[in-house]
Amino acid sequence: MTDKPTNTLTEEQAAAEAAKLRPQLLAWGKQYYDADAPSVEDDVYDRVYARLVALEEAFPAIVTPESPTQRVGGSVRGDLPKVAHTIPMLSLGDVFSLAELSEFNDRLRANVDEDFDYNCELKIDGLAISLRYENGKFVQGSTRGNGQIGEDITANLKMIPSIPQTLSRPLTIDVRGECYMPKAAFLALNERREAAGQAPFANPRNAAAGSLRQLDTQVTADRQLATFMYNIADYEPLNTRTQSGLLDELAELGFTTNPAYRVAHTMDEVWAYIDTYQAQRSNLPYGIDGIVIKANSLPLQRAIGATVKVPRWAIAYKFPPEEVQTVVENIEWTVGRTGIVTPTAVMDPVVLAGSTVARASLHNPDYLQAKDIRLGDTVLLHKAGDIIPEISQVVGDKRPADAEVYPIPTRCPSCGAELVHLDEEVALRCINPNCPAQLAEGMNHFASRNAMNIAGLGPQIVAQLFARKLVTNVASLYRLTTDQLLTLDKFGEKSAQNLLTAIDNSRNNSLERLLFGLGIRHVGAKAARSLAANFGDLNSLMAADSETIAAIDTIGGIIADSVVTYFDSEPVQALMKELATVGVNLTYTSGPSEPVDPLGTFANQRVVLTGKLNELTRPEATTWLEQHGATVTGSVSKKTDLLIAGEAAGSKLTKAQSLNIPIWDEAQLLAAMNENK
Ligand code: IVH
């Protein structure tokens, strides 16, 4: 760092420098907390923050109440209800070197009369949450917000399997911990987002934060979030009096805790712990950004106390981010299933955070241009969120004199068709329906597990099938013969037979698998299931107009329009005929669908329907209510929570009125359906 040592500065100089740093930190902090989209690396933020702390510590008179050092960070989003934390949720002080960690230890030991142990824990890279239990029942969950006031995210947290609804003992406690997205879930989510033309999340933490602030709890449920709990606002109700014991007791109560903690009696043991997990970091299935050391005795923690912002009994040792230099040798453009053409930087291979890296996605032309990456450039490479190789920036001094601005292609690298931007998307697309690269990607999707589930039909085989002209589209898969398959690399009788059997079996799949496998824009597995269940067979769906399709409760106008547009095309109609000819099942044969949102608006509500509904049929209304957690019963009693009364309702309405049971009309039900789409 080129910062001047604080003891060489005058107070005016320190004040001037701090005044420059504060708005910058506040702006970065706001992007980080409110927009879930950091604009700088954590490391840059941390270092600038550390500099401000150093300036303010050296010259306490320059501290301002607005300084980012005086708040826990983050602000409360207006669109979620607020929760006051009765006991504030603190952050952690951090250190970046073993020397600084040593100083922390010396300072603490100098101020504490007794000998004490540390509990070492992994610093999970997620976001802090607080869970309130009353008599053992989960009643409220919140984010940290600014430390005093957080956001109420109870409904979202209820969708996370590792959060117990009921504890093994009827305690009233506030338990704190970290909510995170496992690396694998993060990668899969970003893959889905990119395939749908959506911007990928920068890292798992942002993805977790975005998922928790969702208004649609079903989206949260699909995001595979997980938790590690590590703290309690007040330890009194527990049996244990140590931090390590606390982790064990939280686990006994039903929480998920991180098993990798260790009690350290000496600093040597702390160093050993840091070494172990710094080396393990890239192998863990979740991101960690450091190690937290905490005085192990809970009464001692209480005696030592905290500043307004951080406990004095704990500190975070932050890992240095791994960053390496390498040279960009090529930029490859690949065509995805939906025609999106994505640039990838191909680099001189380097080892980074535990793996060899030679490629990094450049996402889209805007990204490539914004970073101004040119062939031959030396670049700084890091792993975003500890996983995804990403180019941070070009090393300007090392740019070859003859490096030219990289031209954005105008033609598809696979078929040569002109590339376009649809609906002002940043993504570049090839819209030729016969583009070979798209067809091959489309076939990979068709064969994938949630689609037609054809085991053994992977990308390499698909590429060969196309290269040898053995297939032209997905229907032609069903005409393949053993002899044809025997011409593929490393294919013997047995592998040919296995693949043919897998293809053959897929003929009998229920319609939703085919609908998903066709890769219709915006039609994911869930929408495909709703479409199949509601229309029953392909012909009815193909004959339906957009309005009829959008009338299905889980299907919106965008999906409906996309379905209609898809089946409107002649080549698609020809393909459907071909699929019928080769014997692919075109009807819905699966059982009733799983509950969509069992913990949703109607969770545990007993609902009665009466009278004549105009927009909906009775079964439609019943199914929807049940999918959203309701029990639909036939008669009104004191136990009924809601009566939905259509036209000309009779005795049930009168009875509900006399029992003061809430009554909705059909319009209110339709509005609820719309809200829960
Ligand atoms: S203890 C008063 N333990 O790191 C207790 N925090 O940078 C304060 N974090 O706000 C927190 N893993 O969100 C603690 N094992 C761990 C942690 C952990 C991750 C987070 C937490 C905290 C942030 C501070």
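Note that ligands are numbered from 1 as they come in the structure, with each ligand's atoms numbered from 1 the same way. Side chains are part of it too, since the values below use all heavy atoms of this structure and drop only hydrogens, waters and symmetry mates.
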Provide the number and element of each atom of ligand 1 under 4.0 Å from a heavy atom of [X].
| X | result |
| --- | --- |
| Leu122 | 12 (N), 15 (N), 16 (C) |
| Arg144 | 10 (O), 22 (C) |
| Pro311 | 2 (C) |
| Asn231 | 2 (C), 5 (C) |
| Ala128 | 13 (O) |

Looking at [X] and [Y], does any basic side-chain N land under 4.0 Å from a carboxylate oxygen?
| X | Y | result |
| --- | --- | --- |
| Glu17 | Lys4 | no |
| Arg22 | Glu56 | yes |
| Lys371 | Asp366 | no |
| Asp94 | Lys123 | no |

Of the listed options [options], closest to [atom] (non-hydrogen atoms):
| atom | options | result |
| --- | --- | --- |
| atom 12 (N) of ligand 1 | Ile124, Ile232, Leu90 | Ile124 |
| atom 6 (N) of ligand 1 | Phe228, Tyr230, Tyr180 | Tyr230 |
| atom 23 (C) of ligand 1 | Glu178, Met229, Lys123 | Lys123 |

Distance flag, aromatic centroids of Tyr277 and Tyr317, threshold under 6.0 Å: no
Can Arg109 be said to sit on top of Phe116's aromatic six-ring, NZ or CZ under 6.0 Å from centre and within 45° of the ring axis? yes
For a side-chain contact (heavy atoms from CB on, under 4.5 Å) check, start with the C-alpha distance between Val219 and Thr217, then their side-chain angles and the critical distance, and finish with the verdict. CA-CA 5 Å; Val219 174; Thr217 54; over 6 Å; no
Protein contact of atom 15 (N) of ligand 1 - nearest heavy atom, named by residue and atom, plus distance: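 Nearest protein contact, heavy atoms only, for atom 15 (N) of ligand 1 is Glu121 OE1, 2.9 Å.
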To the nearest 0.1 Å, how far is atom 1 (S) of ligand 1 from its closest protein heavy atom, and which atom is that?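 Residue, atom and distance for the closest contact: Lys294 NZ, 3.4 Å.
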How long is the gap from CE on Met267 to CZ on Phe104, to the nearest 0.5 Å? 8.0 Å
Quick one: are Glu114 and Val112 in side-chain contact, heavy atoms under 4.5 Å? yes
Please state whether Ala314 comes within less than 4.0 angstrom of ligand 1, counting heavy atoms only.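 It does not, in that no heavy atom of Ala314 comes within the 4.0 Å cut-off of ligand 1.
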Would Trp313 count as a polar contact of ligand 1, with the cut-off being nitrogen or oxygen pairs under 3.5 Å?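 No: no nitrogen or oxygen of Trp313 is under 3.5 Å from one in ligand 1.
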Should the proximity of Met89 to ligand 1, defined as any heavy atom under 4.0 Å, be assigned to the side chain, the backbone, both, or neither? neither
